[in-house]
Amino acid sequence: MRFRLVVDGDPRRIEVERGPEGILIRVDGAEYRGKVRRVDDGIEVRLGPKWRRVRLVGRTALTDDATHEIAISEIEDEPSDRALPTRSRSARPLPIRAPMPGRVVRVEARPGVQVKRGDTLLVLEAMKMQNEIAAPQDGIVKEVRVVDGDSVIADQILAVLEAH
Amino acid sequence: MFRRLLIANRGEIAIRVARTARAMGIHCIGVYSEADRTALHRTAMDESVEIGGPLPVQSYLNASAILRAARETRADAIHPGYGFLSEKADFAVRCAEAGIVFVGPPPEAIAVTGDKVSARRAMAEAGVPVTEGVDRVLRSVDEAREVAAEIGYPVLFKATAGGGGIGMSRVDRPEGLAESFEAAQSVAGANFGNPDLFLEKYLQKARHVEVQVLLGDHGAGVGFVERECSVQRRHQKLVEETPSPAIGAAVRRRLQEVAVRGLQSLGYRNAGTVEFLFHDRRFTFNEVNARLQVEHPITEMVTGVDLVRQQLRVASGEGIEFSQSEMRWKGHAIECRINAEDPLRNFLPSPGRIVDFRVPAGSQIRVDAGVAAGSIVPAFYDPLIAKLVVGGSSRDTAVRRMLRSVDAFEVRGIHSTLPFHRVLLSDRDFIKGKLWTTMVDDLRLVARIRSRGPWEQRIAEIAAAVAASGRLMSGPTVDLMGSKASAWSAAGRRQLLAGGDHAVPPRRRW
């Protein structure tokens, strides 16, 4: 399950999976493992040594010591019901997203071209650092949605691969 | 003294310069780009002027726009901070032509130090020990191969116009030389508009030490107790401290003496730093930074000197307030750079809106920040958002105070390098003062970061609860409790996505 969660204004991309020992939560890529159980007036989560109770009421999350304002949204073009890696890896469109806001300084991907995993698709500059956006797996470039000089926002789709 | 100072920079350094200047009774004029209309540094000024578009070339690097702003606001001096126009000799010339004092070294000195080959040559002539290498631009791969064979591998290619570690390339074996040469040339050409390279012996496990120098009129001046800046990643400093845990009184005196003499030989004036590599109990010249550096506050903390005040005094002809023999220092100081970068994702830039910003406070704790809660960190500029500086009577005391201060520092809304600092400050080698420039990679410090801290764990707990509640998302999903998945409440999801403010009661399905 993937979604975007904003807690007290702090936005994170969340991925949740069930593992053999409990749940795995990725918060902007950082992994937290733990367990979840239901109690009378909410849900209890254990990620560290202690169980913590969380009650969700409307757009707030109540914990033992604080009330947090939350907002949840789906990630564009990626409905939350898409199963995680279990689905077959045969030809399917794979959106290549901007990992952060920035400016496109070079586009190397051309539609119709075969690329290998690790090939640079484009270069995104942010905060004086050039970040190469590489193909996450082998595939064919289906679409390139940006040109040199474009400003992009986080998670914006830059290109689409047809992975195989 | 100047009456009206234009500060041609942004972020924490603009605020830091304004703090001293205003305390000296100087009217401060800030500049800002379109992307910085709501930036914190504007609030630190008496007035501020919009100078152009969000890209640095349109604004903070736009010499014409800055000089126009200076004329319009009747500034009599410009402080460039660091980065941007601080080490552009032609900007210093244009200031002089406009009758505005540039708070920094003379243009000739900037030009010599900005070319790494000429800086090396000048230092060698002044009797400063230089790293084994060549004092000329390499014209071909063959020439590079010849020199490298003479010096012995590993060697390091450096861009003559380089800076910030860009264009440096280490070569371990002759086979890799041609490829590295061409790659380094193209990086240097792309970044500095000048592909020229030279080459030095690569010193393994070296420490980076540097001496802050302040030269007044007629070249009289002082060298400060050295700073050590060995904790780096991709040649970017992350943590600095003073004094160096590896240097004793005898070497310290010699370092200071050599650094002062080296800069004097260039006709240098005002604040500058001479960087050295310290290796095998010997130090050799690395480069000159012809500006006030990011890490200057640690020197201020152990000496009590306000370096910006001294810069303004030298630039206005009033001179330095003390001599080398009056210079005192005590204790130890450390600085951690808080960057808007995510150390858990390979230091991915993390621009965005800061929603909460809590800084530590207490005796011997100084935070120079360029942001506050509510600030936007634009993607156009460098990632430094704050510097956390602490002092202590000893290094151990300072390290412990720093760890507590890092724990008390919280940045929400964007990612920061705070989790990296937590790991570094707990590392055994770091605690012992055993530092070297590649320690971050060699010790795999980044891989040791497990979490971004308690706030993110709280987010993860809420995320788990959201996922488990089953009423927020559409469609089949991961069954978190191990029971059979049930239909999700479409109504609840619609409401939440639409921003409804009352909850649909959770369906009992456990």
Side-chain angles (χ1 to χ4, degrees), chain A residues 1 3 5 7-12 14 16-18 22-23 25-32 34 36-38 42-48 52-59 61 63 66 68 70-74 79-84 99-103 125-129 131 151 154, chain B residues 55-56 164 339-342 344-345 347-353 355-356 377-383 412-415 449-452 455-469 471-482 495-497 499-503 506 510:
Chain A
M1 185 195 295
F3 55 97
L5 173 66
V7 181
D8 293 342
D10 196 346
R12 307 291 174 116
I14 307 289
V16 184
E17 283 175 49
R18 183 177 158 74
I23 59 166
I25 302 154
R26 283 195 205 90
V27 183
D28 282 353
E31 292 189 352
Y32 296 85
V36 182
R37 70 183 182 203
R38 178 164 178 77
I43 286 159
E44 282 191 339
V45 183
R46 198 185 72 194
L47 301 181
R52 281 184 176 279
R53 185 172 313 177
V54 181
R55 275 180 66 208
L56 302 172
V57 181
R59 286 196 290 178
T63 62
H68 302 285
I70 62 170
I72 302 153
S73 54
E74 290 182 345
S80 57
D81 63 350
R82 174 172 299 164
L84 283 175
M100 75 285 180
R103 211 166 62 93
E125 186 179 280
M127 306 188 125
K128 289 167 65 187
M129 287 293 294
N131 299 269
S151 285
Chain B
L55 293 178
N339 289 342
E341 292 174 326
D342 183 2
L344 274 168
R345 283 181 296 179
F347 289 79
L348 188 71
S350 185
R353 180 185 287 277
V355 297
D356 202 354
V377 180
F380 303 102
Y381 314 114
D382 89 42
R412 295 184 187 174
I414 62 169
H415 295 294
I449 306 170
R450 290 276 165 256
S451 149
R452 297 192 185 99
W455 168 243
E456 189 171 88
Q457 181 160 328
R458 170 62 56 94
I459 293 177
E461 286 161 0
I462 294 171
V466 166
S469 70
R471 62 196 169 85
L472 305 173
M473 292 290 153
S474 63
T477 184
V478 193
D479 174 14
L480 297 170
M481 311 283 175
Q495 203 154 39
L496 228 132
L497 292 178
D501 51 10
H502 65 274
W510 288 281

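In the text below, chain A, chain B and the rest are named by the order of the sequence lines, each starting its count at 1. Just the heavy atoms: all of them, side chains too, but no hydrogens, waters or symmetry mates, feed the values below. Since we're looking at a predicted model, the values are computed, not measured.
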> Who passes side chain to side chain contact (heavy atoms under 4.5 Å, CB included) against A:Pro11, sequence neighbours left out?
Replying inline: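 If we apply the side chain to side chain contact (heavy atoms under 4.5 Å, CB included) test to A:Pro11, skipping adjacent residues, the hits are A:Arg4, A:Val6.
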
> Is any side-chain heavy atom of A:His68 closer than 4.5 Å to a side-chain heavy atom of B:Arg458?
Replying inline: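 A:His68 reaches B:Arg458 side chain to side chain.
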
> With a 4.5 Å limit on heavy-atom distance, are the side chains of B:Leu348 and A:Asn131 in contact?
Replying inline: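 Yes, side chains in contact.
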
Considering only heavy atoms, which portion of [X] lies under 4.5 Å from any heavy atom of chain B: side chain, backbone, both, or neither?
X: A:Ala61; value: side chain
X: A:Leu5; value: side chain
X: A:Arg103; value: side chain

[X] versus chain A, heavy atoms under 4.5 Å apart: side chain, backbone, both or neither?
X: B:Asp342; answer: side chain
X: B:Arg345; answer: side chain
X: B:Leu55; answer: side chain
X: B:Pro56; answer: neither
X: B:Arg353; answer: neither

> What residue, out of A:Pro101, A:Gly34, A:Gly42, has the most heavy-atom pairs lying under 4.5 Å from chain B?
Replying inline: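 Maximum pair count with chain B is reached by A:Pro101.
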
>> Which one wins on heavy-atom pair count under 4.5 Å against chain B: A:Met129, A:Met100, A:Glu125, A:Arg46?
In response: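 Answer, by heavy-atom pair count under 4.5 Å with chain B: A:Met100.
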
[X] [atom1] to [Y] [atom2] distance, which is reported to the nearest 0.5 Å:
X: B:Ser350; Y: A:Met127; atom1: OG; atom2: CE; value: 7.5 Å
X: A:Lys128; Y: B:Asp382; atom1: NZ; atom2: CG; value: 4.5 Å
X: B:Glu456; Y: A:Leu47; atom1: CD; atom2: CG; value: 10.5 Å
X: B:Ser469; Y: A:Arg38; atom1: OG; atom2: CZ; value: 9.0 Å
X: B:Ile459; Y: A:Ile25; atom1: CD1; atom2: CD1; value: 11.5 Å
X: A:Arg26; Y: B:Leu344; atom1: CZ; atom2: CG; value: 13.0 Å

State, to 0.1 Å, how close [X] and [Y] come at their nearest heavy-atom pair, and which atoms those are.
X: B:Ala463; Y: A:Phe3; answer: O-CZ, 3.8 Å
X: B:Gln457; Y: A:Gly48; answer: NE2-N, 3.6 Å
X: A:Gly9; Y: B:Val355; answer: O-CG1, 3.3 Å
X: A:Ile23; Y: B:Ala464; answer: CD1-CB, 3.6 Å
X: B:Ala460; Y: A:Val27; answer: CB-CG2, 3.8 Å

> Of all residues at least two apart in sequence or in a different chain, which pass the ring-ring contact (aromatic ring centres under 6.0 Å, His included) check with B:Phe380?
Replying inline: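 With sequence neighbours excluded, B:Phe380 shows a ring-ring contact (aromatic ring centres under 6.0 Å, His included) to no residue whatsoever.
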
> Is a side-chain donor-acceptor pair under 3.5 Å present for A:Tyr32 with B:Glu461?
Replying inline: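 No.
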
